[in-house]
Structures are given as structure tokens and as C-alpha cells.
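Inspection log for the structure reproduced underneath, given as C-alpha cells.
The model shown is predicted, which means the values in this text are computed figures rather than measured ones. All heavy atoms count here, side chains included; hydrogens, waters and symmetry mates do not.
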Amino acid sequence: MKNSIVKDAMRLFIITLISGIILGFFYDLTKGPIAAQEEKTRTEAYQAVLPDADKFETATDTAYSTDIEAQMQPFLNEAGYTSDSITGLAIASTGGTYSGVVVTVTAHDGYGGDIQFSVGILPDGTISGISILSISETAGLGMRAKTDPSFLSQWTGMKQDSFDLVKSGGDPASGTVDAISGSTVTSKAFQRGINAALIAFRNLQNNNITTAGGVTIG
């Protein structure tokens with residue numbers, strides 16, 4: 001009986017060892033292509049919101065490059081945006097000259113869960129574009145934020161410190177945007193998330209953050 005238990009344990013150990021080796025092999029084989037695809041997706045999202053930029057970099061300041069969420073959260077909390085997180089930052093340049101930033105926001109108050117999107121902001125504070133990275137809102141309602149370009153395009157080309165949400169009759173040039181009909185929760189998640197991105201942008205401008213390539217915000 002004792003020998004049988006030992007043999008079974010050895011078989012289990014060998015199977016586990018072989019499985020681990022195989023999994024490790026395939027992980028090493030695929031991690032490169034996966035990382036490359038993720039980088040390609042990020043770059044495409046950046047390019048979508050700042051199409052004139054030819055380079056995107058991280059900040060040299062460690063607080064902004066390695067833990068942008070922790071760096072920005074106190075400023076968001078102070079302004080009342082406790083349901084939003086800044087989860088990404090890219091500093092854009094064109095021909096070596098600072099041309100804007102891409103702020104990635106995760107809005108935790110979507111109807112169907114977290115919504116993540118990138119906001120392109122020009123040096124003067126004008127929003128150049130918004131690109132959704134992940135969303136799980138209700139089809140035909142909140143998901144129209146993604147399927148109906150007219151919702152997010154309200155912000156494009158606009159320059160305001162913040163935007164308010166109205167049911168109809170919004171005037172983005174004066175700081176108001178229309179909600180998606182029947183989807184106030186989703187609309188508010190985007191409106192507040194975009195305002196959070198603008199708070200982060202002003203913080204970056206005020207601190208004259210630089211990149212490894214020598215580009216300075218501000």
C-alpha cells in the first residue's frame with residue numbers, strides 16, 4: 001500500500017513537472033507576440049486621438065511613468081472624481097516638438113462595469129479625440145457610446161475646463177454635452193471621465209513633465 005502511494009505521488013509529480021515545463025515553454029513562445037500586439041493596439045489608440053503626432057513617450061518622472069494612477073488619484077478625489085482613475089499616459093510629439101498628451105481613463109461607474117478610453121488633448125487644452133478601449137454597456141443603449149460616433153464627437157475640437165451633461169440641447173462650445181437617450185449612467189461615466197482627463201492634463205502642464213526624448217509638457 002505504502003509503495004503504491006509513493007508511486008502515485010511520483011507519477012503526479014512527474015505529470016505536474018512536465019505540464020509546468022510545457023506551459024512555461026508556450027508562455028515564453030507567446031509573450032513576445034502578445035506584448036507586441038498590446039503595444040500595437042495602444043499605439044493605434046494614441047494615433048486615433050492625436051493623428052498628427054509621430055512619437056509617443058512616457059514621462060521621465062518616475063511618479064508619472066510607473067504609477068500614474070497613484071500620482072493622479074489625490075487630485076481626482078479632491079475634485080470629486082472618486083469613481084475615475086487615470087490608468088495611462090503618453091506624451092506626444094511631432095518632429096521633436098510637444099504636440100499633446102493621451103490620457104487613458106478607467107471610469108468605474110459605467111452601467112455594465114468599468115469603461116476604459118483614451119482622450120487626446122492638444123497643448124492648449126483642446127480635446128482632439130476620444131477612443132474607447134473597453135466597454136460592456138447594454139446593447140442598443142449605453143453601447144451606443146461606441147456605435148454612434150455623434151456622442152463622443154461632441155467633445156472633439158472643444159476646449160473647456162470641464163463639461164456638464166444635459167438631456168438635450170447641449171452646446172459643447174459652452175461646456176454642455178447631450179446624454180445618450182435612455183443611458184444617463186453611461187453618458188455620465190464618459191462626461192466625468194473626460195473631465196478627469198482634463199484635470200490630469202492640467203496637472204501635467206503645471207509640473208512641466210518631460211520625456212526621455214527631451215520633450216517638455218507646458
Side-chain angles (χ1 to χ4, degrees), residues 44-59 64 68 71-81 83-107 109 115-133 145-146 148-180 184 186-211 215-218:
E44 287 175 349
Y46 296 161
Q47 208 77 60
V49 297
L50 278 177
D52 293 334
D54 56 31
K55 191 173 185 179
F56 297 93
E57 297 180 278
T58 57
Y64 290 90
I68 185 69
Q71 178 67 19
M72 290 296 182
Q73 201 61 51
F75 300 102
L76 300 189
N77 292 345
E78 184 180 357
Y81 293 92
S83 295
D84 299 288
S85 300
I86 304 302
T87 49
L89 167 67
I91 302 170
S93 58
T94 305
T97 301
Y98 167 55
S99 57
V101 299
V102 180
V103 179
T104 299
V105 180
T106 300
D109 51 355
I115 303 172
Q116 189 173 63
F117 54 93
S118 291
V119 183
I121 307 174
L122 299 176
D124 69 349
T126 299
I127 294 175
S128 57
I130 302 165
S131 178
I132 297 175
L133 302 178
K146 183 175 183 179
D148 183 356
S150 66
F151 174 63
L152 291 182
S153 67
Q154 295 179 95
W155 281 273
T156 303
M158 297 296 112
K159 179 184 176 182
Q160 296 287 336
D161 286 343
S162 64
F163 293 86
D164 293 321
L165 190 70
V166 295
K167 289 189 176 180
S168 63
D171 178 13
S174 299
T176 58
V177 292
D178 288 337
I180 301 167
T184 303
T186 303
S187 302
K188 188 172 289 186
F190 276 98
Q191 172 248 335
R192 290 178 61 80
I194 292 166
N195 286 349
L198 291 170
I199 290 171
F201 168 76
R202 289 192 292 273
N203 179 276
L204 293 164
Q205 295 274 70
N206 292 338
N207 285 283
N208 299 118
I209 302 303
T210 61
T211 70
V215 175
T216 301
I217 294 178

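The two residues Ile68 and Gly88 come nearest to each other via the heavy atoms CG2-N, 3.8 Å. Considering all non-hydrogen atoms of both residues, Gly169 and Asp178 come closest at N-OD1, 3.1 Å. Taking every heavy atom of both residues into account, Phe117 and Ala107 meet most closely at CE2-CB, 4.3 Å. Considering all non-hydrogen atoms of both residues, Gly96 and Ser93 come closest at C-CB, 4.3 Å. Pairing each heavy atom of Asp54 with each of Gly95, the nearest pair is OD2-N, 2.9 Å. In plain terms, the two heavy atoms of Gln154 and Met158 that are nearest each other are O-CG, 3.3 Å.
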(request) Starting from the C-alpha separation in whole Å, work towards a yes-or-no answer on side chain to side chain contact (heavy atoms under 4.5 Å, CB included) for Ile86 and Thr104. (result) CA-CA 6 Å; Ile86 304 302; Thr104 299; over 6 Å; no
(request) With side chain to side chain contact (heavy atoms under 4.5 Å, CB included) as the test, would you mind laying out the steps for Ile121 and Leu50 before giving the verdict? (result) CA-CA 8 Å; Ile121 307 174; Leu50 278 177; over 6 Å; no
(request) Start with the C-alpha gap between Gln191 and Trp155, add the side-chain angles, then the distance that decides, and say whether side chain to side chain contact (heavy atoms under 4.5 Å, CB included) holds. (result) CA-CA 9 Å; Gln191 172 248 335; Trp155 281 273; 4.2 Å; yes
(request) Start with the C-alpha gap between Val119 and Val102, add the side-chain angles, then the distance that decides, and say whether side chain to side chain contact (heavy atoms under 4.5 Å, CB included) holds. (result) CA-CA 5 Å; Val119 183; Val102 180; over 6 Å; no
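Without hydrogens or angle criteria, Lys159 side chain to Asp124 main chain gives a donor-acceptor distance under 3.5 Å. Side chain of Gln73 to main chain of Asp84: a donor-acceptor pair is present (N/O by atom type, distance under 3.5 Å, no hydrogens or angles). The backbone N or O of Leu122 sits nowhere less than 3.5 Å from a side-chain atom of Ser128 that would complete a donor-acceptor pair.
For the atom pair Lys167 NZ and Thr176 OG1, the distance stands at 15.0 Å (nearest 0.5 Å). With rounding to the nearest 0.5 Å, the separation of CZ in Phe190 from CG in Leu152 is 5.5 Å. Rounded to the nearest 0.5 angstrom, Ser85 OG and Asn77 CG are separated by 8.5 Å. Atom CZ of residue Arg192 and atom CG of residue Asp164 lie 10.5 Å apart, to the nearest 0.5 angstrom. Expressed to the nearest 0.5 Å, how far OG1 of Thr156 lies from CD1 of Ile130 amounts to 5.5 Å.
Ring orientation note: the planes of Phe56 and Tyr46 are tilted relative to one another, at an angle of 30° to 60°.
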Sequence neighbours excluded and cut-off under 3.5 Å, please list the side-chain donor-acceptor pairs for residues 193-210, or say none.
{"from": "Asn195", "atom 1": "OD1", "to": "Phe163", "atom 2": "N", "distance (Å)": "2.8"}
{"from": "Asn195", "atom 1": "ND2", "to": "Tyr81", "atom 2": "OH", "distance (Å)": "3.2"}
{"from": "Asn195", "atom 1": "ND2", "to": "Phe163", "atom 2": "O", "distance (Å)": "3.0"}
{"from": "Arg202", "atom 1": "NH1", "to": "Asp161", "atom 2": "O", "distance (Å)": "3.1"}
{"from": "Asn203", "atom 1": "OD1", "to": "Tyr64", "atom 2": "OH", "distance (Å)": "2.8"}
{"from": "Gln205", "atom 1": "OE1", "to": "Tyr98", "atom 2": "OH", "distance (Å)": "3.3"}
{"from": "Gln205", "atom 1": "OE1", "to": "Gly218", "atom 2": "N", "distance (Å)": "3.1"}
{"from": "Gln205", "atom 1": "NE2", "to": "Pro123", "atom 2": "O", "distance (Å)": "2.8"}
{"from": "Asn206", "atom 1": "ND2", "to": "Arg202", "atom 2": "O", "distance (Å)": "3.1"}
{"from": "Asn207", "atom 1": "ND2", "to": "Tyr64", "atom 2": "OH", "distance (Å)": "3.4"}
{"from": "Asn207", "atom 1": "ND2", "to": "Asn203", "atom 2": "O", "distance (Å)": "2.8"}
{"from": "Asn208", "atom 1": "ND2", "to": "Ile217", "atom 2": "O", "distance (Å)": "3.3"}
{"from": "Thr210", "atom 1": "OG1", "to": "Thr60", "atom 2": "OG1", "distance (Å)": "3.0"}

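Contact of the Val177 side chain with the Leu165 side chain is registered, since non-hydrogen atoms from C-beta on lie closer than 4.5 Å.
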